[in-house]
Amino acid sequence: MVFIYFLLAAAVTVFAAIKLSQYADVISEKSAMGGMMVGTLLLAGATSLPEISTSFSAAAIGNADIAVGNMIGSNLFNLFILAGFDLLLNRRRMLERASKDHTYSSLLGIFLTVLLLLALWLRTDVTVLGIGLDALAIGITYIVGMLIINKLPNLDTIDMDDEPVDAKAPKNPSAHLSPKHAGIRFAIVAVIIMAAGTALSITGDEIAVVTGIGSSFVGSFLVAAATSLPEAISVFVALRLSNVNMAVGAVLGSNIFNMVILALSDPIYVEGSILAEVSGANFIIASAVLVMSLLVMFSLYRPKSASTWAYSVPSILVILLYFVASYLNFTY
């Protein structure tokens, strides 16, 4: 029965994520917030709600590997999603069309991942007011980084929100809503997603026990993939609606937000510093996230590629790295 409950929770998450993206698109089109801002802040925060409930629940029951592995694995899976859609739609050159301002959030995500790798390598069990020093450093870096990003200049030479609308893009079923009503429905659906995330955490932990598969693998891949379903669906729906900046922003913003959730999981885990307790397999996944993030940043900032093949190379490498990291983690 635990597998059925897991699948039901995942199904609820998928349905809610579709509605979430539609409401976010309305807000980006009808309010002062553009696609990039809605994707990086609003949609990224909402689609990360399953990760919040999953990691917090796992930390509360003392399962550090699922709490941490869920966050790192979600970041890995999010980049895999982005590269996968970019490869499938390589003629549209999604990452070339996206605002170069996404480079800022990409850089912050890379820096946070470096701090995570240092924490996993050093394994310092030093706490400040019950919070691990490493988790505290990640949380403070996020706050400072976001403040700096808000003051940095625009990197685009044209207004990316004025890009031509794809004539083949389907009409948003929620397009008739006002920004206010879309915002209310967005908040309601976000709560539903958070509840489904809690169910995914509990059933994922039970699956780890029933199957005998290590908590690190379950956390990094099974639960991480399930809790990343909102990001996957959000990217798909945003691209269907021809909102490229919202799609890219949802993934990069979610990856940054996930690092904060990881830091906030530390005080809930009462058995010490959470990053000092996890399996060494998480270092493999975090290393893959770092390399994949660098490839995505390169794709965002590089000049226009001469051919479709040259454009696709970074996304191909990201997908290959995902499968290599999966294999290494499973055999660790």
Side-chain angles (χ1 to χ4, degrees), residues 2 6 48-78 112-142 194 197-228 254-255 257-290 325-326 328-332:
V2 65
F6 185 88
S48 289
L49 287 175
E51 279 90 347
I52 292 177
S53 55
T54 298
S55 286
F56 283 13
S57 301
I61 62 177
N63 197 325
D65 273 319
I66 283 188
V68 175
N70 168 53
M71 305 313 309
I72 305 173
S74 289
N75 283 10
L76 187 84
F77 194 72
N78 287 346
L112 290 169
T113 306
V114 170
L115 288 178
L116 173 63
L117 281 167
L118 283 172
L120 292 172
W121 179 45
L122 296 173
R123 303 273 179 167
T124 354
D125 201 8
V126 179
T127 59
V128 179
L129 300 175
I131 305 173
L133 189 60
D134 40 21
L136 197 61
I138 289 172
I140 292 171
T141 301
Y142 169 80
M194 189 166 184
T198 304
L200 286 170
S201 168
I202 296 168
T203 52
D205 188 59
E206 289 179 9
I207 287 171
V209 174
V210 170
T211 60
I213 301 174
S215 289
S216 173
F217 182 80
V218 171
S220 297
F221 292 93
L222 180 60
V223 176
T227 55
S228 287
S254 178
N255 276 18
F257 195 68
N258 284 348
M259 300 299 288
V260 182
I261 299 167
L262 191 152
L264 293 175
S265 299
D266 189 274
I268 299 172
Y269 184 77
V270 295
E271 298 176 28
S273 174
I274 197 168
L275 290 173
E277 299 292 327
V278 295
S279 162
N282 288 289
F283 189 87
I284 297 171
I285 306 305
S287 299
V289 169
L290 177 61
S326 302
L328 292 174
N329 187 38
F330 187 70
T331 56
Y332 181 81

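The residues of the chain are indexed from 1 along the displayed sequence.
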Discussion item. Has Asp65 got a side-chain atom pairing as donor or acceptor with Ser279's backbone, closer than 3.5 angstrom?
Written reply: yes

Worksheet item: Is a side-chain N or O of Asp266 found less than 3.5 angstrom from the main chain of Ala135, in a donor-acceptor match?
Response: no

Practice prompt. Output, in order, the C-alpha distance, side-chain angles, deciding distance and verdict of side-chain contact (heavy atoms from CB on, under 4.5 Å) for Leu275 and Leu116.
Written response: CA-CA 8 Å; Leu275 290 173; Leu116 173 63; 3.7 Å; yes

Worksheet entry | Test side-chain contact (heavy atoms from CB on, under 4.5 Å) applied to Leu117 and Trp121, step by step | CA-CA 6 Å; Leu117 281 167; Trp121 179 45; over 6 Å; no

[atom1] of [X] to [atom2] of [Y]: how many Å apart, nearest 0.5 Å?
X: Leu76; Y: Ser287; atom1: CG; atom2: OG; result: 11.0 Å
X: Ile285; Y: Phe77; atom1: CD1; atom2: CZ; result: 13.0 Å
X: Ser55; Y: Leu264; atom1: OG; atom2: CG; result: 10.0 Å
X: Leu115; Y: Met259; atom1: CG; atom2: CE; result: 7.5 Å
X: Leu290; Y: Leu112; atom1: CG; atom2: CG; result: 11.5 Å
X: Ile72; Y: Asn75; atom1: CD1; atom2: CG; result: 8.0 Å

So which atom in [X] and which in [Y] form the shortest heavy-atom distance, rounded to 0.1 Å?
X: Asn282; Y: Gly69; value: OD1-CA, 3.4 Å
X: Ala325; Y: Ile284; value: O-CG2, 4.5 Å
X: Ile268; Y: Phe56; value: CD1-CG, 3.4 Å
X: Ala59; Y: Ile274; value: CB-CD1, 4.2 Å
X: Glu277; Y: Glu271; value: OE2-O, 4.0 Å

Worksheet entry | Candidate pair Met71 and Asn255, rule side-chain contact (heavy atoms from CB on, under 4.5 Å), full reasoning | CA-CA 8 Å; Met71 305 313 309; Asn255 276 18; over 6 Å; no

Worksheet entry | Residue pair Val278, Phe283: steps toward the side-chain contact (heavy atoms from CB on, under 4.5 Å) verdict | CA-CA 9 Å; Val278 295; Phe283 189 87; over 6 Å; no

